[in-house]
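Reckoned from all heavy atoms, side chains included, excluding hydrogens, waters and symmetry mates.
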Amino acid sequence: QEQLVESGGGTVQAGESLRLSCAASGLTFSRCAMGWFRQAPGKEREFVAAISWMGGSTSYTDSVKGRFTISRDNAKNTVYLQMNSLKPEDTAVYYCALDPRQFSWRGNNYSSRDFKYWGQGTQVTVSS
């Protein structure tokens, strides 16, 4: 069964850190780019970060550059999002997603349409 399961969300104060994890099963994880997206109440889902199939290339939205780091462990079929110096505006439901096009990398040009498989989301709340 094809599945992505996120974990690691929670409530923190501004300036603190969280690490999100996303475990994949039933998918060709190691051949596919992975992404993180987020959706705040009343807003559209937005791209946060992406990582290529071997982890050698990454891309980020400008608002998280220097604070968030995406990484992956193909042996564990898991992708991570390390979030440091969190701000109240980072509050959202965070989703991981898999681009099913094997050995493909779109760099800074990813949108939600590029990803076919999605996790259920994990809530991140940052209080001021």
**OP:** Tell me, please, which residues at least two apart from Q39 pass side-chain hydrogen bond (donor to acceptor under 3.5 Å, both in side chains).
**Re:** none

Original post:
Quick one: side-chain hydrogen bond (donor to acceptor under 3.5 Å, both in side chains) partners of Y95, sequence neighbours excluded?
Top reply: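 If we apply the side-chain hydrogen bond (donor to acceptor under 3.5 Å, both in side chains) test to Y95, skipping adjacent residues, there are no hits.
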
Show every donor-acceptor pair shorter than 3.5 Å between a side-chain atom in residues 9-30 and any protein atom, with sequence neighbours excluded, or say none if there are none.
from : atom 1 : to  : atom 2 : distance (Å)
E16  : OE1    : Q13 : N      : 3.0
S17  : OG     : N84 : OD1    : 2.9

Original post:
Is there a path from F37 to L81 through hydrophobic residues (I, L, V, M, F, W, Y) whose side chains come within less than 4.5 Å of each other?
Top reply: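 Not linked; separate clusters.
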
Subject >> Residue pair V93 / T122, side-chain heavy-atom distance below 4.5 Å >> reply: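 A side-chain contact is absent here, since even the closest heavy-atom pair is not under 4.5 Å.
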
Where do [X] and [Y] come nearest, in terms of heavy atoms and distance?
X    : Y   : answer
W105 : A33 : CE3-CB, 4.1 Å
Y80  : D73 : CE1-CB, 4.1 Å
A40  : A92 : N-CB, 3.8 Å

For the atom pair [atom1] ([X]) and [atom2] ([Y]), what is the distance rounded to the nearest 0.5 Å?
X    : Y    : atom1 : atom2 : result
R38  : Q123 : CZ    : CD    : 12.0 Å
M34  : N77  : CE    : CG    : 9.5 Å
S128 : E89  : OG    : CD    : 10.0 Å
C32  : D99  : SG    : CG    : 6.5 Å
F47  : W36  : CZ    : CH2   : 12.5 Å

Original post:
Got a sec, which residues hit side-chain contact (heavy atoms from CB on, under 4.5 Å) with K116, two or more places apart in sequence or on another chain?
Top reply: P100

Subject >> side-chain contact (heavy atoms from CB on, under 4.5 Å) partners of T69, counting only residues at least two apart >> reply: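 If we apply the side-chain contact (heavy atoms from CB on, under 4.5 Å) test to T69, skipping adjacent residues, the hits are Y60, Q82.
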
Partner set under salt bridge (charged side-chain N to carboxylate O under 4.0 Å, His left out) for [X], not counting sequence neighbours:
X   : value
E2  : none
R72 : none
K43 : none
R67 : D90

Expected list for residues 52-59: side-chain donor-acceptor pairs under 3.5 angstrom, two or more places apart:
from : atom 1 : to   : atom 2 : distance (Å)
S52  : OG     : G56  : N      : 3.3
S52  : OG     : S57  : N      : 3.0
S52  : OG     : S57  : O      : 3.4
S59  : OG     : G107 : O      : 2.8

Validation: residues 108-115 side-chain donor-acceptor distances under 3.5 Å, sequence neighbours left out:
from : atom 1 : to   : atom 2 : distance (Å)
Y110 : OH     : R106 : N      : 3.2
S111 : OG     : R113 : N      : 3.3
D114 : OD1    : R101 : NH2    : 3.0
D114 : OD1    : R106 : NE     : 3.3
D114 : OD2    : R106 : NE     : 3.4
D114 : OD2    : S111 : N      : 2.9

**OP:** Could you please spell out the steps behind the side chain to side chain contact (heavy atoms under 4.5 Å, CB included) verdict for W118 and L4?
**Re:** CA-CA 6 Å; W118 294 81; L4 296 172; 5.5 Å; no

Original post:
According to the salt bridge (charged side-chain N to carboxylate O under 4.0 Å, His left out) rule, which pairs have a member within residues 76-86, sequence neighbours left out?
Top reply: none

Subject >> Donor-acceptor pair between Q102 and S104 side chains, under 3.5 angstrom >> reply: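 S104 and Q102 do not have a side-chain donor-acceptor pair below 3.5 Å.
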
Original post:
Looking at V64, T91, V126, T125, which hits side chain to side chain contact (heavy atoms under 4.5 Å, CB included) with L86?
Top reply: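 That would be V126; it is the only one of V64, T91, V126, T125 passing the side chain to side chain contact (heavy atoms under 4.5 Å, CB included) with L86.
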
**OP:** Please step through side chain to side chain contact (heavy atoms under 4.5 Å, CB included) for the pair E6 and Y94, ending with a clear verdict.
**Re:** CA-CA 8 Å; E6 301 101 334; Y94 283 71; over 6 Å; no

